[in-house]
*Asks:* 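Below you will find the structure I want to go over with you.
By convention in this document, chain letters (A, B, ...) are assigned in the order of the sequence lines, proteins followed by strands, and residues within each chain are numbered from 1.
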Amino acid sequence: MSTLTVTPNYATGVVSNFDLFAGKLVDREEYFSCGHRACQGCGEALAIRLMCKALGKETVIANATGCMEVISTLYPTTAWKLPWIHVAFPNAAAVGSGVEAGLKVMRRKGRIPDRYVKTVAIGGDGGTVDIGLQALSGAMERGHDMLYVCFDNEAYMNTGIQRSSATPFGASTTTAPAGAASPGNRTWKKNVPEIMVAHNVPYVATACHSYPIDFMNKVKKARAVKGPAYIHCLAVCPTGWRAESKDCIKLGRLAVETGIFPLYEVENGKYRLTVEKPEKLRPVTDYMKMQGRFRHLGKEEIGYFQDRVNLEFAKLMNKVECIESWDELKG
Amino acid sequence: MTKPVGMEVAVAAAEAVALCNIDVAACYPITPNTHIAEHLADIIADGRIDAEYITVESEHSALSAVMGASGTGARTFTATSSQGLMYMHEILPITPAMRLPVVMGLGNRAVSGPINIWNDHSDIIMQRDSGWLSIFADNGQEAVDMFIQAFKIAEHPDVLLPINVNMDGFQLTHVVEPIVFPTQAQVNKFLPPYKPFASLHPDHPLSMGTLGLPEIYTEAVKARDVATVNAKKVIVQIWQEWEKQFGRKYEPVMTYKTAGAEILILTMGSMGETAEVAVDALRKKGVKVGLLKLKLWRPFPFDEIRKAVRGAKTLVVTDRALSYGGPGGPVCSEIRAALYDQPNRPEIVNYIIGLGGRDVRVEDFMKMIEGAPKAKKSGDAYQIYGVRE
Amino acid sequence: MKKWPETWKEYNTGGIVFEPGNARSFKTGPWRSLRPVWDNSKCIKCGVCYIFCPEGCVQEGPDGFFAADLDYCKGCGICAHECWPSAISMIEEGQES
C-alpha cells in the first residue's frame, strides 16, 4: 500500500475509505479487454474488470446470460482473456458445477496439467436471485469448489429495466412503474447474501466497484477458499437507474454511506463490516435524489425507506456484534 | 466374447456407460430412468471407474452441469425421462449448438397430463427439433451396444453433437434380459479416449457460447444442420465397425422378413420385437407382410426409408406419440414427407399406439395389419388404436 | 480481422472464439461525445482514473502520467469526476483542449 496518506474529502464526495494510491498496485494485466459494448459508465463492466484482476490467469468463468454476456462476446469477438463459457440464463451455477467437476477429474486423471484452476460463476441479479436461485442453491449446497459472484444492478437491465427481486423499494422500473396508483416497486430487496449464509457457505461477502480494493481483496479471499464462496457486488447501472454516467462511482459510495448497501463479509459464520461504520449514516435522500428511478417518491415513501434502511442496518449490526464464528462456537 | 448374463436393462445400460470410462455424470431422479442413475452412482461410489457424479437439484442443472464439464474436455453422461426432459428443454438445443458431445440415456415415458409414468415416446418427440442425434433400442443388448456406440458417434470429429439413446420406460428399462457385455479391452479398442477440439483451460483461453447477431445466426444454423445431416454417414460407418468387431448388425432402418412383402409395418423402439412375432404368425397364414424397425430418429434416414418401402403396396406406420391437431403421428409425418414425391409409393396407414403404457400385444399388431385396408378407406390421416369409443 | 465470416463454412465449430480479447478490434471511441483531457501539472499520479475506468482504457504511460486510449474511451466522465486533484476535464468532441 502507498505510504502517502490522503485525507478523504467528504465534502466533494470524491474520496472516502479508499487508499488513493492503492489502485497503482493492482495487477496491471487487463483480462477483460477494451472494445466491449457496455453502456457508458457501466459499473458492472468495471466490476468484472476488477474481479478478473483479482482472480488472475488461472481461472475459468461460467457466465449467465445477461448484460455482461451480451456486451462481451459478440461473435466473432470476445472481450475475455480468461477461458469463458456461457450456456443460458438460469444456469451459471450449474454450468460452473460441471466445469469444476470436469477440471477436478481431468486433473486427477492426468489429462490436463497438474495445477489448480479456480472456477468462477457469474451472473446478474436476475440470473442469480430470481431465475438462477435454484441452481445457485444447489451448487452452493453441494459444496463445489467454486466462487459465485452476483453483479447486482437491481433490475433486468439487459432486457430493459424490468423489476427483479433485487430491485429496491420504490424504484420505478418498466414492469413495476410508478403511476397514480403505484409507488413503483412495492417490495423490499431480497437478501440473497443472507440466504447464502444459511447454506453454510464459508465465505460470503457484499462488495461494490466503488470500493475497488475492498472488492478485490474479497475476491482474493473467496478465491482462496477450497469450497463454495459467494460475493454479492452492487453494480451501478446509470442507464437503468436514470443517473449520469459520471456519477457511477459516487452512487456506489453513497449506497454504502447511507447504509442502503453495507459492505460486510461473513467468514465461517462471523460477520464483519469491511468498511468502517460512519458515526452517522447519511440520509437516504442523498442517494435517491441523484437517480431518476426514485424521482416520483413522496415524503411518506421516503420516510418508510429511511426507517427500513435503519432497521436493516441495525439487524446487520446486531449480527456483527453478537454472532460468534464457527470456530468460537466449537470452543 | 463373454457369456450372456441376465440383467435389468437399466442396470446394464449403466454398466455400458461405465465401460466407456466417463469422467462426469449428472443425474436427477425421475421414473423410469432412475435405475440407470442409481446404478451408475453405485459404480462410481465403489471406485470401479474414476468419475465425478453431480447430484444436481434439477434436470435443467443436470444438462447444464454436464455441458460445463464437457466444455473442459470431460466425457459426460446424463439420463432422464419425460418431465425431466421437458425441464431440460431450454438447454437441449444449446448442447448441439455448442457442439458438446454429451450422451444422454432416455427411459422414454409419457408426458403429463394427465400425469403418467408409463411408456410412450411423447417425451423425445416433443424435443424432436432440439438438434440432438437420436437412436432407439429394441432390447437390452441393443441398449448396451448403443451406449458404447453413442460416445464414439458423438465425439467423432466430423460430428461433435450430443446424442440420446432411447429405451422404452419399464417395457425395456425394467425388464431382465440376457446381455452379452464386451470386455473393457474390447471397448477400449472400439472407443478411443475423447480428444476435445477445444476446451476450457487457462493454457489456451477461449470463449464458448458466444452471441450470434442476425449477421451470423443463419450461418451458425447452416453449419449445425450440415453437421447433423452428415452425422448419418458417420453413424452408419460406426455401426459397420461395430458389426465387424462384435458381430451385431445395426442400420438406420432394420428389416425383418421384408422379401416379397406387400404390406410393411414400421415400429420404433421395443415394440419391434412384439411386431416380429405378429409378422411370423401372419406369414404362416400366407400374408405377405414384413417389418421395418426405425433405429435412427435424428438425423432422419430419408433415403433408407425410400429404399426399404420399395415394392410394398401398403405401409403401416405405428407412432407412440401424437401431434395434436397436426398431420398425425410424428414418425408418420416424416415418412409421408420422405415418400411424397416418390413414384409408386405405398399407401400409408398411421396408427397411434401404446400411449401412456397401454399394452400392445401380438394380436393387436395382427389386427392393425389386417385392418389396414379398412383404416385407409376411412380417409382419416391417423387412427388412435384401441381407444374406447 | 473480418467483421463477419464470409460463408457458413468459416463459422467456428460451436461458435467458439479462439482469440482472447479480440474485442479490441471493435472501436468504441466513436460513441463518445465528451473526451477526457488531463492537465498533468495537477496530476498526482495516483491512478484513480485507471482503477475506475469501466473500459480499462486509461493506462499509465512511461512518464507515470495517465491517459485514455481514445479508440475505446466512451466518454463516461468517471475519471474526471473521480480525479481527486481535478486534473481531468471533459470537453466536447470537436473542441480543442
Side-chain angles (χ1 to χ4, degrees), chain B residues 66-73 76 91 93-102 131-132 154-162 194-231 234, chain C residues 1-36 47-62 64 66-79 82 93-94:
Chain B
V66 290
M67 283 176 68
S70 185
T72 68
T76 59
I91 309 303
I94 310 175
T95 326
M98 291 176 72
R99 307 294 292 273
L100 296 171
V102 173
W132 284 57
E155 294 168 4
H156 193 284
D158 295 342
V159 177
L160 290 170
L161 289 165
Y194 172 40
K195 288 203 182 75
F197 79 102
S199 61
L200 296 163
H201 195 275
D203 284 351
H204 41 77
L206 48 78
S207 296
M208 286 184 177
T210 54
L211 175 75
L213 292 177
E215 289 85 347
I216 196 62
Y217 189 86
T218 305
E219 283 66 30
V221 167
K222 172 70 179 178
R224 181 173 158 192
D225 186 48
V226 169
T228 314
V229 172
N230 289 349
V234 177
Chain C
M1 191 180 139
K2 286 179 192 166
K3 194 174 179 201
W4 305 111
E6 275 170 34
T7 76
W8 64 267
K9 287 173 191 159
E10 289 174 23
Y11 180 72
N12 288 347
T13 304
I16 292 173
V17 177
F18 288 94
E19 196 189 330
N22 67 355
R24 280 191 79 88
S25 64
F26 187 85
K27 305 283 167 66
T28 51
W31 296 12
R32 188 176 61 239
S33 59
L34 297 172
R35 74 173 187 276
V48 158
C49 50
Y50 155 76
I51 199 83
F52 281 135
C53 177
E55 311 309 314
C57 76
V58 176
Q59 297 290 341
E60 188 178 357
F66 289 81
D69 184 337
L70 293 179
D71 278 349
Y72 303 101
C73 171
K74 293 170 186 165
C76 67
I78 288 177
C79 54
E82 294 304 318
E93 278 299 337

*Asks:* If I take atom CD from residue B/E215 and atom CH2 from residue C/W4, how far apart are they, to the nearest 0.5 angstrom?
*Replies:*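 The distance works out to 4.5 Å.
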*Asks:* Provide the closest heavy-atom pair for C/P20 versus B/P205 in the form atom of the first, atom of the second, distance.
*Replies:*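 For C/P20 and B/P205, the tightest heavy-atom pair comes out as CG-O, 3.6 Å.
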*Asks:* So for B/V226, is it side chain, backbone, both, or neither that comes closer than 4.5 Å to the heavy atoms of chain C?
*Replies:*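 Side chain of B/V226 only, per the 4.5 Å heavy-atom cut-off to chain C.
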*Asks:* I need the minimum non-hydrogen distance between C/G15 and B/T210, along with the two atoms involved.
*Replies:*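 That closest heavy-atom pairing would be O-OG1, 2.6 Å.
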*Asks:* Just verifying a value: how many Å separate B/S207 OG and C/N22 CG, rounded to the nearest 0.5 Å?
*Replies:* 8.0 Å
*Asks:* With a sphere of 6.0 Å drawn around CZ of C/F18, does it hold more than 12 non-hydrogen atoms of other residues, nucleotides or ligands?
*Replies:* yes
*Asks:* At their closest point, which heavy atom of B/A223 faces which heavy atom of C/W8, and how far apart are they?
*Replies:*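 Looking at all heavy atoms of both residues, the closest pair is CA-CE3, 3.6 Å.
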*Asks:* Is it the side chain or the backbone of B/A97 that comes within 4.5 Å of chain C heavy atoms, both, or neither?
*Replies:* backbone
*Asks:* To the closest 0.5 Å, what do you measure between CD (C/E10) and CD1 (B/I216)?
*Replies:*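 Here the rounded value is 9.0 Å.
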*Asks:* Let me know if B/L213 has heavy atoms under 4.5 Å from chain C in its side chain, its backbone, both or neither.
*Replies:*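 B/L213 touches chain C through side-chain heavy atoms alone.
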*Asks:* Quick check for you: to the nearest 0.5 Å, what is the distance between C/K9 atom NZ and B/K222 atom NZ?
*Replies:* 8.5 Å
*Asks:* Name the option with the most non-hydrogen atom pairs under 4.5 Å to chain C; the candidates are B/A198, B/P96, B/A220.
*Replies:*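 Maximum pair count with chain C is reached by B/A220.
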